[in-house]
Amino acid sequence: MFLGFDTSNYTTSVAFFDGKRIIQKKKLLEVKAGERGLRQSDAVFQHTVNMPSLIQALTEECDFNAVQAVAVSTRPRNVDGSYMPCFLVGESNAVSVSSIAKAPMYKTSHQVGHVLAALYSIERLDLINEPFVAFHVSGGTTEALLVTPDNDEIIKAELIAESTDLKAGQAIDRAGVMMGLKFPCGAELDKLAQSSDKEFKIKPSMKDLNCSLSGVENKAKKMFESKESNEDIAKFVISFIAETLSEMTQGILDQYGKMPVVFAGGVSSNSILRVKLGKKFNAYFAKPEFSCDNAAGIAIYAYLKSL
């Protein structure tokens, strides 16, 4: 049994992996109506409150005495300077459980957890043994990564393209909050977009392989002020992001060569993105329950490190 902890900015999560099956418990952090995020101090407080009940719920289904290894995400990315206080809550709980269980503890990043959770959900953990492209698309990240095997970190994720300003999840949430949706707005915006039959001619803003998404927010505001329907605004926002990710993917494959493409992160659960990019590039998408923030990939990391 392998245990994983993840305390990202918006979800408290703990998960067990037995080599085949994932059991996870998680709770979304609460954001006040009309607001577009949380301060780190508020995130830390909510994680501290949430974690005991999640661990207790997990113990009812799993035997903590059988824990062989523990892993925890301690930072957003595996690069120098990557740090957020919210991850300290997961780390402190992981240290405690590791000590009590007398099991080794491994540290990794939130981003590696996303990628491993995606590979597990598409039944392609074997990809850790070869190069592939992984997109991490969420509220705080819109990045394309060249993923290669690594003896120490299991996988090494090298940043090769990104949004230079607004992130895809931010664009979605800002448009959604403007329209009165509850943060995070991804699922509701997806439903609205599916009700629109309007088509948009979109030219992504690109510089080499990198993109800019700030124009999405500006255009959505103008559409809202012009009293265009929420459904059409949602469709425009998602369509712009989809076209941008499509151009990024094509550019990467042209430059780095043909290889598997995997999409992870909360925004990747959007139905329009999955259809457009999945069909065009034969891309893999994490199942929705493994797209959003979760500790599943972190538990898998504990398993792989133990091997």
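Being a predicted model, the structure only gives us computed values, none of them experimental.
By the 4.5 Å heavy-atom criterion applied to side chains, F2 and L304 are not counted as neighbours. M179 places a side-chain heavy atom less than 4.5 Å from the side chain of L189. With contacts defined as side-chain heavy-atom distances shorter than 4.5 Å, the pair T108/I154 does not qualify. Counting heavy atoms from C-beta outward, L181 and D173 have side chains that stay 4.5 Å or more apart. No side-chain heavy atom of D150 sits less than 4.5 Å from a side-chain heavy atom of I155. Looking only at side-chain heavy atoms (C-beta outward), V237 and F200 stay at 4.5 Å or farther from each other. Residues I298 and Y106 form no side-chain contact, since every pair of their non-hydrogen atoms from C-beta on lies 4.5 Å or further apart. The shortest distance between side-chain heavy atoms of E130 and P260 falls below 4.5 Å.
For the pair K167 and E143, the salt-bridge criterion is not met [side-chain N within less than 4.0 Å of a carboxylate O]. With salt bridges taken as basic N to acidic carboxylate O contacts below 4.0 Å, one links K305 and D152. Under the 4.0 Å criterion applied to side-chain N and carboxylate O atoms, D18 and K20 are not assigned as salt-bridge partners. Classification of K198 and E228 as a salt-bridged pair holds, one side-chain N sitting under 4.0 Å from a carboxylate O. Under a 4.0 Å N-O distance rule, the pair K235/D232 does not qualify as a salt bridge. The pair K203-E243 does not count as a salt bridge, with every side-chain nitrogen at least 4.0 angstrom from each carboxylate oxygen. Using a 4.0 Å cut-off between charged side-chain N and carboxylate O, E91 and K107 make a salt bridge.
Under the 30°/60° scheme for interplanar angles, the aromatic rings of Y303 and F17 are found to stand perpendicular.
Linking Ile, Leu, Val, Met, Phe, Trp and Tyr whenever their side-chain heavy atoms come within less than 4.5 Å puts I241 and M206 in one cluster. Residues V49 and V14 do not share a hydrophobic cluster, clusters being chains of Ile/Leu/Val/Met/Phe/Trp/Tyr side chains in contact below 4.5 Å. Both L253 and V137 are members of a single hydrophobic cluster when ILVMFWY side chains are connected at heavy-atom separations under 4.5 Å. Cluster membership for F135 and M259, using ILVMFWY side-chain heavy atoms within less than 4.5 angstrom, is shared. No single ILVMFWY cluster, assembled from side-chain heavy atoms under 4.5 Å apart, contains both M105 and F87.
Q40 places a side-chain N or O within donor-acceptor distance of the main-chain N or O of C86, the cut-off being under 3.5 Å. One N or O on the side chain of S121 and one on the backbone of K287 form a donor-acceptor pair closer than 3.5 Å. Using modelled atom types, one side-chain atom of N93 and one backbone atom of V89 make a donor-acceptor pair closer than 3.5 Å. Between the side chain of S53 and the backbone N or O of N50 there is at least one donor-acceptor pair closer than 3.5 Å. Judged by distance alone, with hydrogens and angles left aside, the side-chain atoms of T142 form no donor-acceptor pair with the main-chain N or O of E162 at under 3.5 Å. Proximity of a side-chain donor or acceptor of E231 to a complementary backbone N or O of L192 within less than 3.5 Å is not detected. D42 places no side-chain N or O within donor-acceptor distance of the main-chain N or O of L38, the cut-off being under 3.5 Å. A donor-acceptor pair is defined here as one N or O able to donate and one able to accept, closer than 3.5 Å; such a pair exists between the side chain of Q46 and the backbone of E30. Of the possible donor and acceptor atoms, one in the side chain of T249 sits under 3.5 Å from a partner among the backbone N and O of L245. Under the 3.5 Å distance criterion, the side-chain polar atoms of R75 are matched with a main-chain donor or acceptor of V79.
Counting all heavy atoms, side chain and backbone alike, Y301 lies closest to A71 at CD2-CB, 4.0 Å. Nearest approach of P76 to S109, heavy atoms of both residues: O-CB, 3.6 Å. Shortest non-hydrogen contact noted between L213 and A168 is CD1-N, 3.6 Å. Shortest non-hydrogen contact noted between A161 and L209 is CB-O, 3.5 Å. Closest non-hydrogen pair, Q24 versus A296, comes out as OE1-N, 4.1 Å. Across all non-hydrogen atoms, the minimal contact from A171 to V216 is CB-CG1, 4.1 Å.
Side-chain contact, H110 with S8: no donor N or O sits under 3.5 Å from an acceptor N or O. Inspection of the T164 and N210 side chains reveals no N or O donor paired with an N or O acceptor under 3.5 Å. Defined by atom type and a distance below 3.5 Å, a donor-acceptor pair is missing between the side-chain atoms of S13 and N294. The closest side-chain donor-acceptor pair between S246 and K280 falls under 3.5 angstrom.
Surrounding CG of N129 are more than 12 heavy atoms belonging to other residues, nucleotides or ligands, all under 6.0 Å away. For CD of E35, the number of neighbouring non-hydrogen atoms (other residues, nucleotides, ligands) closer than 6.0 Å is greater than 12. Heavy-atom contacts from other residues, nucleotides or ligands closer than 6.0 Å to CG of D80 number 12 or fewer. D126 CG: more than 12 foreign heavy atoms inside a 6.0 Å radius. For R39, the CZ atom counts as loosely surrounded, since its 6.0 Å shell holds 12 or fewer non-hydrogen atoms of other residues, nucleotides or ligands. Around atom CD of E61, more than 12 heavy atoms belonging to other residues, nucleotides or ligands sit under 6.0 Å away.
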Intermediate values then yes/no, side chain to side chain contact (heavy atoms under 4.5 Å, CB included), M1 and D63 = CA-CA 8 Å; M1 302 292 278; D63 182 8; 5.9 Å; no
Steps toward side chain to side chain contact (heavy atoms under 4.5 Å, CB included) verdict (Q170, S214) | CA-CA 10 Å; Q170 287 178 313; S214 58; over 6 Å; no
Evaluate the criterion side chain to side chain contact (heavy atoms under 4.5 Å, CB included) for residue pair T141 and Q111; output intermediate values, then yes/no.
-> CA-CA 9 Å; T141 305; Q111 188 169 74; 4.1 Å; yes
Would you please test L159 and R77 for side chain to side chain contact (heavy atoms under 4.5 Å, CB included) and show each step?
-> CA-CA 10 Å; L159 179 65; R77 298 174 57 218; 3.6 Å; yes
Candidate pair F263 and Y284, rule ring pair (Phe, Tyr, Trp, His ring centres under 6.0 Å), full reasoning = CA-CA 6 Å; F263 281 86; Y284 297 103; over 10 Å; no
Full working for side-chain hydrogen bond (donor to acceptor under 3.5 Å, both in side chains) between S271 and D190 = CA-CA 7 Å; S271 60; D190 192 359; 2.7 Å; yes
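Aromatic pair Y120/F290: centroids less than 6.0 angstrom apart. Residues F16 and F64 bring their aromatic ring centres within 6.0 Å. The ring of Y10 has its center closer than 6.0 angstrom to the ring center of F183.
Atom SG in C211 sits 8.5 Å away from atom CZ in F240 (nearest 0.5 Å). Here the CZ atom belonging to F5 is positioned 11.5 Å from the OG1 atom belonging to T12, to the nearest 0.5 angstrom.
The hydrophobic cluster containing L88 also includes Y83, under a criterion of side-chain heavy atoms closer than 4.5 Å among ILVMFWY residues, counted directly or through chains of members.
Screening T11, L28, T7 against D293 for a side-chain contact (heavy atoms from CB on, under 4.5 Å) leaves a single residue, T11.
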